[in-house]
Number of protein chains: 2
Amino acid sequence: MKIRSYKGQTRMLVAVDCIIFGFDGNNFKILLAQKSFAPEKDKYSLMGGFIWAEETVEEAAQRILKRLTGLEGVYLDQIHTFSAPGRDPVERTISVAFVALIDIHKYEKQIIHEYNADWFLLQDKPKLIFDHDDMVDTAKKYLRYKAAMHPLLFELLPEKFTLPQLQALYEGLYETSFDKRNFSRKVLSAGILIRLDEKEKESSKKGAYYFTLDKNKYLNPSKDFLNLIPNPEKHVY
Amino acid sequence: MKIRSYKGQTRMLVAVDCIIFGFDGNNFKILLAQKSFAPEKDKYSLMGGFIWAEETVEEAAQRILKRLTGLEGVYLDQIHTFSAPGRDPVERTISVAFVALIDIHKYEKQIIHEYNADWFLLQDKPKLIFDHDDMVDTAKKYLRYKAAMHPLLFELLPEKFTLPQLQALYEGLYETSFDKRNFSRKVLSAGILIRLDEKEKESSKKGAYYFTLDKNKYLNPSKDFLNLIPNPEKHVY
DNA sequence: CCAAAAGTGTTAACCGTACACCCATGC
DNA sequence: GCATGGGTGTACGGTTAACACTTTTGG
């Protein structure tokens, strides 16, 4: 007997939802969409959508990000699949959650209004529909966990950035503050930054040197572990 | 306009697959099932199944483990969702992969033959159907990654175990060997083990003390990070 | 000249690793 | 009594973290 079909099994909708993080220089932000139709009209949700018949969940997430930000090749990590039977009251839907990290300056303008989307401070985002608040919690934990050892937060910064900006980014994620001498020594000893001659002069009289990522070393890291966070057990999970 | 249904979207099957690890005292093993029906007859696969209409993927994984091992409350981590459109040639199926850690001595007997299941040495498992080899690779990486900092490998050992057994377990996972003096100092300083008076005398004349987990401290770890692996960057990812 | 932020060096504590010998027992 | 595996302590080196002053320049 050859099985050519799986009879009697339940088919269901499969969606992806993206927790899109940005950093404005001082605070972590998250991109949320306001639903324009019932039954969730005016409520906020993550950016998401159903997956199509001929694409993977990763492709679906990239497609949705392209549509909402105009951006291709966004940094994406699949983090968890949410499957409670009642999570979408309309119809059973499984959702695969992704963390997306984008440079907030590049995409800010095109998005807002076009899709009813808005950046929110992570700490005062509105309550979201379905289990999207759980997804955001999971994403925050994931990001803290992974960033303690992997250099992925650079995805949130522009091409050129200063050490004080980078430090503010880490301090924002872990809601703590670091000694700047130790921080700069550590991050520079990782050997993935190149100092430019140019200085950023907006936020101080003296000006801070711009740095840029050494793409070779970043993409082929000899040492994937950064350890920028002292005492990770204080902050991670 | 109220939306009461999602029209025009593709419904699909959702499955779970479990990468079930065991440790026989010397080697890591993995539990595989031999398919008894076409079109994959005689080929090996992971333990899995479709999820039902009224359960989460976690519940489905527990249900399948209960059926195949008789065991409830097995240690389970959701690791990744596999969604390539052609991964199951019969019909499009999304699969959520789980790592399961079980005490091989407890469940060995009931399983074998009942479900055409068998333990294989991880290093010489047969080729598996679909993308199950990818799942096993992902699971191995996940386990190395997580075990470097979290005390989860105890799930693979019986109630009572010796330090040499515990060390062999870690050495097996990372395919390396550790200095036993450093290893025992580290693991004991974590404060989650209780030494019993009893000794294990099978594998040596002198006998090795049995230890057991301090459940309180294990379940409410003050310090979740073990750091049993020196130079994690050598071994992890 | 003063305020504000950037940049830089030293020291002490701790952690990680290497390393070697004695112990207990069954044969 | 000897072979086998179990158990233990020390010392060195590297890493981490704590700490304060000088530099630059716009106003």
Side-chain angles (χ1 to χ4, degrees), chain A residues 25-26 148-149 157 160-172 174 176-191 193-212 222-236, chain B residues 25-26 148-149 157 160-172 174 176-191 193-212 222-236:
Chain A
N26 295 300
M149 293 169 94
L157 291 172
K160 301 184 298 187
F161 51 86
T162 67
L163 286 188
Q165 284 167 4
L166 182 63
Q167 183 170 348
L169 174 63
Y170 276 86
E171 291 179 341
Y174 294 97
T176 182
S177 58
F178 305 128
D179 182 283
K180 63 178 172 174
R181 292 162 287 190
N182 294 334
F183 185 85
S184 86
R185 192 161 354 94
K186 270 194 194 180
V187 74
L188 292 176
S189 77
L193 295 187
I194 299 171
R195 196 177 86 171
L196 306 180
D197 288 332
E198 198 182 352
K199 279 190 165 185
E200 188 275 333
K201 312 262 298 180
E202 307 264 306
S203 48
S204 78
K205 330 253 166 150
K206 187 178 179 184
Y209 281 110
Y210 276 119
F211 288 79
T212 190
S222 56
K223 184 184 174 189
D224 205 12
F225 287 67
L226 264 196
N227 229 42
L228 289 177
I229 314 307
N231 303 317
E233 57 270 31
K234 271 192 204 159
H235 308 294
V236 178
Chain B
N26 295 299
M149 294 169 93
L157 292 172
K160 301 184 297 189
F161 52 87
T162 67
L163 286 189
Q165 284 167 5
L166 182 63
Q167 184 169 348
L169 174 63
Y170 275 86
E171 291 180 341
Y174 294 97
T176 182
S177 58
F178 305 128
D179 182 283
K180 64 179 173 177
R181 290 162 290 189
N182 295 333
F183 185 86
S184 88
R185 187 157 5 90
K186 270 192 193 180
V187 74
L188 292 176
S189 78
L193 296 188
I194 299 170
R195 196 177 86 170
L196 307 179
D197 288 331
E198 195 183 353
K199 279 190 165 186
E200 186 274 332
K201 312 263 297 178
E202 307 263 307
S203 48
S204 79
K205 332 255 165 146
K206 185 178 178 183
Y209 281 110
Y210 275 119
F211 287 80
T212 190
S222 56
K223 184 185 173 186
D224 205 13
F225 286 66
L226 262 197
N227 231 41
L228 288 176
I229 313 306
N231 302 315
E233 57 272 28
K234 272 192 204 159
H235 307 296
V236 177

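Nucleic acid contact class of B:Ser184 (heavy atoms, under 4.0 Å, all strands): none. Within the 4.0 angstrom heavy-atom criterion, no nucleotide atom of any strand lies near A:Thr162.
Remark: A:Lys160 pairs with A:Glu198 by the side chain to side chain donor-acceptor pair (under 3.5 Å) rule, at least two apart or across chains. For B:Arg185, there are no salt bridge (charged side-chain N to carboxylate O under 4.0 Å, His left out) partners at least two apart in sequence or on another chain.
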Would you mind building the protein contact string for nucleotides 19-27 of chain D? One character per nucleotide, 5' to 3', B for base within reach (heavy atoms under 4.0 Å), S for sugar-phosphate only, - for untouched. BB--BBBB-
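Distance CZ (B:Phe161) to P (D:dG6): 15 Å, rounded to an integer number of Å. For the pair B:Arg195 CZ and D:dG6 P, the interatomic distance rounds to 14 Å; values are reported in whole Å. Straight-line distance from the CG atom of B:Leu166 to the P atom of D:dG7: 12 Å, rounded to whole Å. Between A:Phe183 atom CZ and D:dT16 atom P there is a gap of 14 Å when expressed in whole angstrom units. When rounded to the nearest whole Å, the span between CD of B:Glu202 and P of D:dT4 equals 19 Å.
With contacts defined as side-chain heavy-atom distances shorter than 4.5 Å, the pair B:Tyr174/B:Leu228 does not qualify. Taking 4.5 Å as the limit, some side-chain heavy atom of A:Phe161 sits within range of a side-chain heavy atom of A:Leu193.
Considering all non-hydrogen atoms of both residues, B:Asp179 and B:Asn182 come closest at OD1-N, 3.1 Å. When all heavy atoms of B:Lys201 and B:Lys205 are compared, the pair lying nearest together is NZ-O, 3.3 Å. B:Ala208 and B:Ser204 make their closest contact through N-OG, 4.4 Å (heavy atoms, listed as atom of the first residue, atom of the second, distance).
Distance check: A:Phe211 CZ to A:Arg195 CZ gives 6.0 Å after rounding to the nearest 0.5 Å. Between the CG atom of B:Asp197 and the OH atom of B:Tyr210 there is a distance of 13.5 Å, given to the nearest 0.5 Å. Separation of atoms CG (A:Leu188) and CZ (A:Phe183) is listed at 9.0 Å; rounding is to 0.5 Å.
Between its two ends, the helix from C:dC1-D:dG27 to C:dC15-D:dG13 turns its axis by 10°, counting five pairs per end and rounding to 10 degrees.
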Donor-acceptor pairs under 3.5 angstrom involving side-chain atoms of residues 163-170 of chain A: please list them, not counting sequence neighbours.
{"from": "A:Gln165", "atom 1": "OE1", "to": "A:Thr162", "atom 2": "N", "distance (Å)": "3.1"}
{"from": "A:Gln167", "atom 1": "NE2", "to": "A:Glu171", "atom 2": "OE2", "distance (Å)": "2.9"}
{"from": "A:Gln167", "atom 1": "NE2", "to": "A:Phe178", "atom 2": "O", "distance (Å)": "2.8"}

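In the 5' to 3' direction, nucleotides of DNA chain C lying under 4.0 Å from heavy atoms of chain A begin and end at C:dA5 to C:dT10.
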